[in-house]
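Have a look at the structure below before the remarks.
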Amino acid sequence: MSSEDYELVVGLEVHAELSTKTKIFCSCESSYGEEPNTNICPVCTGMPGALPVLNEKVVEYAVKAGLATNCTISKDSKNDRKNYFYPDTPRAYQISQFDKPLCEHGYIEIEDDNGNPKKIRILRIHIEDDAGKLNHNEFTGGSLVDLNRAGVPLIEIVSEPDIRSSKEADRYLKKLKSILQYIDVSDCKMQEGSLRADVNVSVHKRKEPFGTRCEMKNMNSFKSIQRAIDYEKDRQIYEVEHGNTITQESLRWDDLDGRTYQMRDKEDAQDYRYFPEPDLVAIRLSDEYIEKIKEELPEMPESRKERYMKELGLSEKDANFLTSSKAYSDMFEKAGEICKNYKAVCNWLNSDIARILNEKELEPEQIPFSAEHLAGLVTLIDKGTISSSIGKKVLDELFENPRNPEKIIEEKGWIQISDESAIKEVVLKVLESNPQSIIDFKAGKDRALGFLVGQAMKETKGKANPKMLNEMFLEELKK
Ligand code: ADP
Ligand code: ZN
Ligand code: MG
């Protein structure tokens, strides 16, 4: 059989750190990047006798996430102990939710690989606490534990196994990330581990039951997740084709080798001995509470998209692109508002800016310059102060060392030459050194004009006003 005869099945368990000010069961700050073990207390370090108190904001944020992903909100839910030993978890259990999660049975709509709308169902969203971090010490050997992250609130969003390709998985994750950012419950900074996914993959022959899944835990790069799924699909098909069985296990994706490895300990064999957390009361939500959160939900990507098409006349493709990320969409609205040229802002974002981000492997929210900077760049081009080719150089500068575009062109001497006598001087010089082009043009070869303009641009290092160059060349050539 060929790999065409197999179907891929993927289900994702996504962990998102909530951006509440304080941790889930104590009042320690849940900020990132502090000195090790500075945001800790007896509760989040698991001291015997220390009692947890549930942070109400965590419930609110999780309910928001549930509503934004079309889930049913459970009015009755509770916390459970999930017992396991690991050195970054001093209590030797995590407080999670087992059989009564806060949110259930939702969906996120994405496009399938043929561009048709497709719903990826969400099984559940529950709240839990994050673990600390082990810092492996290269010099002295051993590990040091930093408990600043212990007790940072997480939501876990578990999808049904509805995903059928690595590209669908990518679109699902990006959509989920954008939703969480729109409702402002998580910054979703993947490089800081605020968003990470356990990736479950299986294959089966079409029309046969699902195969056994393997799981790759804690992945935090969209690119690696796609590669890992594609790799696992091929590997599992190969195994099945060679008469081997797939066993349910945790695998580790190695980004450099581009392959998965078996983990030494098989975590799937673990028994967590869940039981209701005796130190916390059950969570009971009123209809009014849920209704109020629903009313306060901000504008979602779908409605922004409609607005961009209807009010600003953007194409569906452009509107889709901009709303794919809250960072793009916010920058678009703010920069457009300032320079009043929404179309130009959109073009910068979906061509050069997206390309540079891709090259640098950055996410849209890591754009180093502000909406004011982008608006400034558009205005300089609109006013004819710089050409669009200089504009690209300004953009490179904005990525390297963000500052006011006007200041950049002043420093670099990139102001466009629009002075008639200066332009004429260049035109005459270029004509003089390219007599063949004059002959070609007169013989009807229009391309010669483009060539001459190009030469003049080279001569002025891209600073000449292209419109004036064109006109002036035509004038001279017709003489
Ligand atoms: P856990 O991994 O914690 O045991 P579950 O049994 O709830 O949790 O399943 C976790 C994930 O595995 C879910 O996202 C689900 O969609 C996915 N999954 C279940 N069965 C399959 C399968 N046959 N192939 C791929 N993914 C699967
Ligand atoms: Zn604490
Ligand atoms: Mg799992």
Side-chain angles (χ1 to χ4, degrees), residues 6-15 20-31 34 37-47 50-55 58 80 82 84 90-91 94-99 101 104-108 120-126 128-132 146-154 156-166 168-169 172-173 176 196-205 208-219 225 228-229 232-233 236-237 240 245-251 266-272 274:
Y6 287 86
E7 185 170 59
L8 168 76
V9 173
V10 175
L12 298 170
E13 299 160 90
V14 174
H15 286 95
T20 52
K21 236 178 102 41
T22 54
K23 293 186 180 180
I24 183 168
F25 299 123
C26 62
S27 54
C28 293
E29 272 194 47
S30 63
S31 50
E34 308 282 329
N37 297 311
T38 47
N39 288 330
I40 57 172
C41 75
V43 175
C44 55
T45 53
M47 293 297 146
L51 292 174
V53 177
L54 179 58
N55 179 347
V58 171
D80 298 280
K82 180 179 182 181
Y84 64 92
R91 274 191 316 237
Q94 181 184 27
I95 303 180
S96 180
Q97 295 191 289
F98 182 49
D99 53 340
E104 286 182 288
H105 311 306
Y107 65 86
I108 287 178
I120 305 297
R121 289 169 303 155
I122 288 171
L123 178 65
R124 55 187 280 157
I125 301 179
H126 62 255
E128 59 189 22
D129 55 355
D130 208 345
D146 173 9
L147 294 176
N148 281 348
R149 204 179 63 179
V152 168
L154 294 174
E156 179 172 344
I157 302 135
V158 184
S159 88
E160 298 272 9
D162 288 347
I163 295 162
R164 293 290 173 274
S165 75
S166 60
E168 275 187 22
Y172 169 82
L173 286 168
L176 176 58
R196 34 195 216 265
D198 297 347
V199 182
N200 297 273
V201 179
S202 70
V203 299
H204 63 109
K205 291 188 185 123
E208 286 184 10
F210 282 2
T212 304
R213 70 187 156 100
C214 291
E215 180 174 28
M216 293 165 278
K217 282 191 186 286
N218 260 324
M219 301 195 67
I225 291 172
I229 292 172
E232 261 307 292
K233 179 185 179 186
Q236 293 182 17
I237 291 174
V240 176
T245 47
I246 306 290
T247 42
Q248 185 168 334
E249 63 185 336
S250 294
L251 301 173
K266 299 204 172 175
E267 293 183 55
D268 283 304
Q270 220 162 50
D271 174 5
Y272 293 123
Y274 278 103

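Residues: numbered from 1 along the sequence shown. Counting starts at 1 for both ligands and their atoms, in listed order.
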Problem - Donor-acceptor contact below 3.5 Å, side chain K233 vs main chain S166 - result: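 Here the side-chain-to-backbone pair does not exist.
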
Where ligand 1 meets [X] - atom numbers and elements under 4.0 angstrom, heavy-atom basis:
X: G211; answer: 23 (N)
X: F210; answer: 23 (N)
X: E160; answer: 16 (O)
X: L12; answer: 14 (O)
X: G11; answer: 14 (O), 16 (O), 17 (C), 26 (N)
X: V158; answer: 13 (C), 14 (O)

Problem - Over all atoms of both residues, closest heavy-atom pair of C44 and P90 - result: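 Minimum heavy-atom separation between C44 and P90: O-CG, 4.3 Å.
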
Exercise for the section: State, to 0.1 Å, how close V201 and Q236 come at their nearest heavy-atom pair, and which atoms those are. Expected result: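 Heavy-atom minimum between the residues: O-NE2, 3.2 Å.
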
Practice task
Would you sort out whether V43 and L51 count as a side chain to side chain contact (heavy atoms under 4.5 Å, CB included), showing the intermediate values?
Solution key: CA-CA 6 Å; V43 175; L51 292 174; over 6 Å; no

Problem - Apex the Zn ion (ligand 2) - arms SG from C28 and SG from C44 - angle rounded to 10° - result: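 Centred on the Zn ion (ligand 2), the SG/SG angle is 110° (to 10°).
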
Practice task
Only heavy atoms count here, so choose which of I157, I163, N200 is nearest to atom 12 (O) of ligand 1.
Solution key: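 Nearest option to atom 12 (O) of ligand 1, by heavy atoms: N200.
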
Handout entry: From the candidates R213, E13, E156, the one that places a heavy atom nearest atom 4 (O) of ligand 1
Key =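 It is R213 that holds the nearest heavy atom.
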
Exercise for the section: Kindly indicate whether the side chain of V53, heavy atoms from C-beta on, has any atom under 4.5 Å from the side chain of C26. Expected result: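 Answer no - side chains too far apart.
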
Problem - E128 side chain near E156 side chain, heavy-atom distance below 4.5 Å - result: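 Yes, their side chains come closer than 4.5 Å.
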
Problem - V10 N/O under 3.5 Å from ligand 1 N/O - result: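 Among all N and O atoms of V10, none is under 3.5 Å from an N or O of ligand 1.
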
Exercise for the section: Using the six-membered ring wherever Trp is involved, compare the ring planes of Y274 and F98 and label them parallel, tilted or perpendicular (cut-offs 30° and 60°). Expected result: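 Answer is parallel, since the angle falls under 30°.
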
